[in-house]
Enquirer: 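One structure follows; several queries about it will come next.
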Amino acid sequence: MSHAHDHDPTVPRGALIAAAALLLFTLALTGAVKWGLIPQSANPQLARSEAQIAPQVQRDLRFADQEDGSVMITDAATGETVKVIGFGEGGFVRATMRRLAKTRAAKGIGSEPPFTLTLWENGALSLRDPETGREAEIHGFGADHSTIFAEMLQEPNA
């Protein structure tokens, strides 16, 4: 019987030490940012505040799941239907809302309070949940996704 694998299958000690050091460094850096010891490099809210970028257009919206699997988006002030996203469509909108809704659910907040969609003077879009303080920056995910949300800011006859 031949032994095709006569070498030791263990990982070299130096590689294990390097991997452990990298992992510890990553955890320490992440913790330092989370606890405010190191400032975040990309904080859109802070950057807008420092640059005095104001909202250009805002609209309060409600997102409601329908029995047929669609999502109905309505203007919170008027009750007018802004957009209906059919079943299997609008994956980015659904994922964004799912992330924000998960935070609400954890805090026992229902779907009644509206979200605030904002187009900023610099062209950025954000969706904020005033109930939890969470905010999703839309513009960072590409033009197609930004367009879907930007359409929600338009008046019906615009």
Enquirer: Enter the distance from Glu151:CD to Gln154:CD here, rounded to the nearest 0.5 Å.
Expert: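 Here the rounded value is 6.0 Å.
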
Enquirer: If you look at every heavy atom in Glu131 and Pro113, which pair is closest and at what distance?
Expert: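 Distance-wise, the nearest heavy atoms are CG-CB, 3.4 Å.
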
Enquirer: Which distance, rounded to the nearest 0.5 Å, do you find between the OG1 of Thr118 and the CD of Glu135?
Expert: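 Reported to 0.5 Å precision, the distance equals 7.0 Å.
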
Enquirer: Please round to the nearest 0.5 Å and tell me the distance separating atom CE of Met72 and atom CD1 of Ile85.
Expert: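 These two atoms lie 11.5 Å from each other.
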
Enquirer: Do Ile148 and Leu61 belong together in a cluster built from hydrophobic side chains that touch within less than 4.5 Å?
Expert: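 Cluster IDs for Ile148 and Leu61 match.
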
Enquirer: Give, for atom OG1 of Thr147 and atom CD1 of Ile138, the distance between the pair rounded to the nearest 0.5 Å.
Expert: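 The OG1 atom of Thr147 sits 12.0 Å away from the CD1 atom of Ile138.
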
Enquirer: Determine the minimum heavy-atom distance between Arg94 and Gly69, stating which atoms define it.
Expert: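 In terms of heavy atoms, the two residues are closest at NH2-O, 3.0 Å.
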
Enquirer: Atom NZ in Lys83, atom OG1 in Thr74: separation rounded to 0.5 Å?
Expert: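 Spacing of NZ (Lys83) from OG1 (Thr74) equals 14.0 Å.
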
Enquirer: Could you state the interatomic distance from CG (Leu29) to CG (Leu24), rounded to the nearest 0.5 Å?
Expert: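 It comes to 12.5 Å.
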
Enquirer: Are Met97 and Leu153 co-members of a hydrophobic cluster defined by side-chain heavy atoms under 4.5 Å apart?
Expert: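 Cluster IDs for Leu153 and Met97 match.
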
Enquirer: Return the minimal non-hydrogen interatomic distance between Glu121 and Gln56, and the atom names on each side.
Expert: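 Looking at all heavy atoms of both residues, the shortest contact is CA-OE1, 3.8 Å.
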
Enquirer: Is there a donor-acceptor contact under 3.5 Å linking the side chains of Gln58 and Thr116?
Expert: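 There is no such pair (donor and acceptor under 3.5 Å, judged by atom type) between the side chains of Gln58 and Thr116.
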
Enquirer: I'd like to know whether Val82 forms a side chain to side chain contact (heavy atoms under 4.5 Å, CB included) with Arg59, so could you lay out the CA-CA distance, the side-chain angles of the two residues, the decisive distance to 0.1 Å, and finally the verdict.
Expert: CA-CA 10 Å; Val82 174; Arg59 192 172 199 185; 3.7 Å; yes

Enquirer: Between Leu125 and Ile53, is there shared hydrophobic-cluster membership here, with clusters defined by ILVMFWY side-chain heavy atoms closer than 4.5 Å?
Expert: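 No, Leu125 does not connect to Ile53 through the hydrophobic network.
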
Enquirer: Once salt bridge (Lys or Arg N to Asp or Glu O under 4.0 Å) is applied, do any residues pair with Arg134, and if so which ones, sequence neighbours excluded?
Expert: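 Applying salt bridge (Lys or Arg N to Asp or Glu O under 4.0 Å) to Arg134 gives none.
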
Enquirer: Which heavy atom of Phe149 sits nearest to which heavy atom of Leu117, and what is that distance?
Expert: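 Shortest heavy-atom separation between Phe149 and Leu117 comes out as O-CD2, 3.2 Å.
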
Enquirer: Using the rule that Ile, Leu, Val, Met, Phe, Trp and Tyr join whenever any side-chain heavy atoms are under 4.5 Å apart, tell me whether Leu127 and Trp120 fall into a single cluster.
Expert: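 Hydrophobic grouping puts Leu127 apart from Trp120.
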
Enquirer: Applying the 4.5 Å side-chain criterion to the ILVMFWY set and letting contacts propagate, would Val57 and Ile73 be lumped into a single cluster?
Expert: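 In one cluster: yes.
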
Enquirer: State, to 0.1 Å, how close Phe63 and Ser111 come at their nearest heavy-atom pair, and which atoms those are.
Expert: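 Closest pair (atom of Phe63, atom of Ser111, distance): O-CB, 4.4 Å.
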
Enquirer: Over all heavy atoms of both residues, which pair between Arg104 and Gly110 is shortest? Give the atoms and the distance, please.
Expert: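 Nearest heavy atoms, Arg104 then Gly110: NH1-O, 3.2 Å.
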
Enquirer: Go through the steps to decide whether Thr132 and Ile109 satisfy the test side chain to side chain contact (heavy atoms under 4.5 Å, CB included), and finish with yes or no.
Expert: CA-CA 9 Å; Thr132 64; Ile109 302 168; 3.9 Å; yes

